Amino acid sequence: MHGVGAKLVAAGKGWQDRAMGAADQEHATGCTRRTLLGGGTAAATLAACGARHDPARVTMWAMSTEGENAPLLLPAFERTTGIGVDLQSLPWTAAHEKMLTAYAGNTLPDLMMVSNAWVPEFAAVGAIVPVPPALLGDQFPGIAEQVRVGQHHYGLPWVIGAHVQFYLTAPVRAAGHDRPPADWAGWVAMARRLKARDPDNWPILMMLNWPEHLLSFAVQLGQPLLREGGRFGNFRSDAFRTALGFYKSLFDQGLAPRLLSTEIEDPLTAFARGTFTLYPGQPYMVGDLDRRPGEIRRDQWATAPMPGPRGAPPLGLVGGSSLAVTRNARDPARAWALARYLCTPATQMRFHAYTGDLPSRPSAWGPLTDPVSQTFATQIAHPGAEPVVAEWERIKTEMQLVAEHMVRGSFTVDAAAAEMDRRTDRLLEKRRWMLDRGTST
Amino acid sequence: MTRTERAGLVFATPVLALTIAIFVVPTVAALALSVTDFDIYALADLANLRFIGVGNYANLLGNPLFWRALANTAIFAGLGVPAAIGASLAAALLLHSATVRWKPLWRVLLFAPYVTTLVATAVVWRYLLNTRYGLINRGLDALGIAPVDWLGNPHASIPAIVIFIVWKIFGYNMVIFTAALASVSADLDEAARLDGAGRWLRFRHVTLPAIGPTLLLAAILSVSGFLQIFTEPYVMTQGGPAQSTVTVLYFMFDEGFRWWSLGSASAVSLVLFALILCLTVLQLRVGRRYEWV
């Protein structure tokens, strides 16, 4: 869930950030233009460029915000341990397929960042190996469950995501509220007032190609999304159809635009300009907003948990990304040393300062008493359950495609739920066969 | 076997071997994959591979998205091929006119889009096509036409991408047509003019037959190009909105390289192969009727 949400960064940020990404990449591979131009002898250049294949160095992949900022944490690690790190930054939109391709081609790095939702898939095919139990203390229980497959945990939670709403304080106050109402009915009533006051702009932004908005409503109702141990889809349940109907009504009433992430070049600027008042999103957006003091200041926006069917505190979409050591790791001990360093509370607090990312170790949360962090803390304490099956990433994608068709008028709520189940059951056919043979969990 | 035959065989063998290695073997392998359910589980452990015969093909035929992808591809080709060839031919005819000055400059300018990077131009065109701030809608607005939600409306998304593709590729065929037009006999044209033929009649009966074979070549290449459209929707819309720009190749990429269902992706690729083969044979038949080949 954090995964698709962070696409925003890839799609939305400007050239400046992209240039920074390139600089990081140079820093990370150690083969910079500077070494090539000014490095002197050919031998020195070759040595620098050969660094990538030096088995003593740890190779690591990380996505977007984390991939761009992790290099700031690495010098301290390299100094104290003497282990060099080659970090490569990937865009979220291409990360999942790149990892599968690398798995097929046996070119996975030693350590990689994976969305918690991908852990079951990569564990099922043996792409990643179990985490040494010694690293697993000090975890949020709901998060630790997401990365557990059978007896083992396959990912070490690194950054935590929770789906909460960011909102502009001025229009919400003008609509007569201190903060957005916590129940669906009150929330929609406020959104209608926002629309009536400012018909040119939109009360809510929910990208039509991102599944987390619909999912965050769906998990609030507490019904599992798959049934019979992940053998069939459960999208026709009353609970899911309720959530689906609510989601559809927001578009039907004109409270949210029918927009794809590919159509909106910079959603944070649009948010700063007031094009949207309520913008459900993830912790990394805190860092992104803080980096734009010229456009929006901290006192102009705030966060609140997503509204629930009967008020707060509802269950919500909680997830994040983990670090996983792959089966191709040449020296797993060194890779785990890097993972352990990145997950120490002190390192996580430094990372929080750079990016807004929230620490995965509960013991690191002591100093985070500001209202924004507390919103996330509240939501993280109430994790809704997402299925832990290898096919979930694809099922989620199909679910959202059907939901998009529904929002554009090709399906009714019931027909969309039936179509989601039909597609899901087809995707789970192999899983059912493997479960029956006893070769899957 | 005579000596000449042996010599011929020696010369042909390397080419034959290469053709078999890079064309026949992968095609046969794809055929073999397409009757299995090869996927990420099978990649992990071959014990998870099942032989399913025509199962992938049956699933494809029962999958509305596959039909949608086929229809989308047909729309892309149906709109794109005439538009691209028409634009190329029109540009070439304009440049061929004796009254045009600075011909090399115009040629370079019109050819430039073809050699620019596709992804970079696609990103620029996304800005041009933006509903609220885009230059194209500003232009339409000046003409009094309501703004079009180019990449957000499932009905406008294919035309929007076709406009971009035509702009991107017409320069290539334009150069080929320019060369072909240079070979049109000036004597014939002159004679027809003296006999009282107008512009259209001279184009229809002098120019067109002369450039017919070139036109056929351009049509075959364009059709096969448009049937393989992938990058443009991948960069501009990611197949959206509402899967309205998912083409056959995009569908295959999604199945094969996004989700690693290689069995089903192989089935798609073979269907696409058969489709392109049929269309090319058809075009050659048409060409033969007009004695262009």
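What you see is a predicted model; the values in this text were computed from it and never measured. The figures here come from the full heavy-atom set of this structure, side chains too, leaving out hydrogens, waters and symmetry mates.
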### Query
What do you reckon, is OH of B:Tyr172 surrounded by more than 12 foreign heavy atoms closer than 6.0 Å?
no

## Note on the structure
Output for pair (B:Gln243 CD, A:Leu401 CG), nearest 0.5 Å, gives 4.0 Å

### Query
Taking it one step at a time, do A:Lys98 and B:Phe257 satisfy side chain to side chain contact (heavy atoms under 4.5 Å, CB included)?
CA-CA 9 Å; A:Lys98 178 165 167 120; B:Phe257 296 105; over 6 Å; no

### Task
Can you establish whether the number of heavy atoms outside A:Arg273 located under 6.0 Å from its atom CZ is more than 12?
no

### Query
What's the verdict on side-chain hydrogen bond (donor to acceptor under 3.5 Å, both in side chains) for A:Arg437 and B:Asn48, showing C-alpha distance, side-chain angles and the deciding distance?
CA-CA 10 Å; A:Arg437 285 169 79 225; B:Asn48 293 328; 3.2 Å; yes

#### Entry: Structural part of A:Leu100 lying under 4.5 Å from a heavy atom of chain B
both

### Message
Need one label for A:Arg394: side chain, backbone, both or neither, based on atoms under 4.5 Å from any heavy atom in chain B.
### Response
both

### Task
Below 4.5 Å from any heavy atom of chain B, which atoms of A:Thr397 appear? Answer side chain, backbone, both or neither.
side chain

### Summary
All heavy atoms of A:Leu260 vs all of B:Leu151, minimum pair found to be CD1-O, 4.5 Å

### Message
Could you tell me if the side chain of B:Asp39 sits less than 4.5 Å from the side chain of A:Lys430, heavy atoms only?
### Response
yes

### Message
Quick check for you: to the nearest 0.5 Å, what is the distance between B:Tyr234 atom OH and A:Thr262 atom OG1?
### Response
12.5 Å

### Message
Run the side chain to side chain contact (heavy atoms under 4.5 Å, CB included) test on B:Trp259 and A:Leu427 for me, step by step, so that the C-alpha distance in whole Å, both residues' side-chain angles and the decisive distance to 0.1 Å come before the verdict.
### Response
CA-CA 11 Å; B:Trp259 307 114; A:Leu427 292 177; over 6 Å; no

### Which atoms of B:Asn63 approach chain A - backbone, side chain, both or neither, heavy atom under 4.5 Å
side chain

### Query
Taking it one step at a time, do A:Glu97 and B:Trp260 satisfy side chain to side chain contact (heavy atoms under 4.5 Å, CB included)?
CA-CA 8 Å; A:Glu97 61 201 55; B:Trp260 282 86; 5.7 Å; no

### Query
Given a strict heavy-atom distance threshold of 4.5 Å, which part of B:Asn130 is in contact with chain A: side chain, backbone, both, or neither?
side chain

### Task
Show your reasoning for whether side chain to side chain contact (heavy atoms under 4.5 Å, CB included) applies to B:Gln238 and A:Asn209.
CA-CA 10 Å; B:Gln238 293 177 3; A:Asn209 50 342; 4.3 Å; yes

### Heavy-atom closest contact (B:Ala47 atom, A:Trp433 atom, distance)
O-CH2, 4.0 Å

#### Entry: Residue, of B:Pro241, B:Gly239, B:Gly240, that accumulates the most heavy atom pairs under 4.5 Å with chain A
B:Pro241

### Message
Between A:Glu393 and B:Arg258 (salt bridge meaning N to carboxylate O under 4.0 Å), is one present in this structure?
### Response
no

#### Entry: Test: B:Arg132 and A:Glu263 ion pair at under 4.0 Å
no

### Task
Below 4.5 Å from any heavy atom of chain B, which atoms of A:Arg422 appear? Answer side chain, backbone, both or neither.
side chain

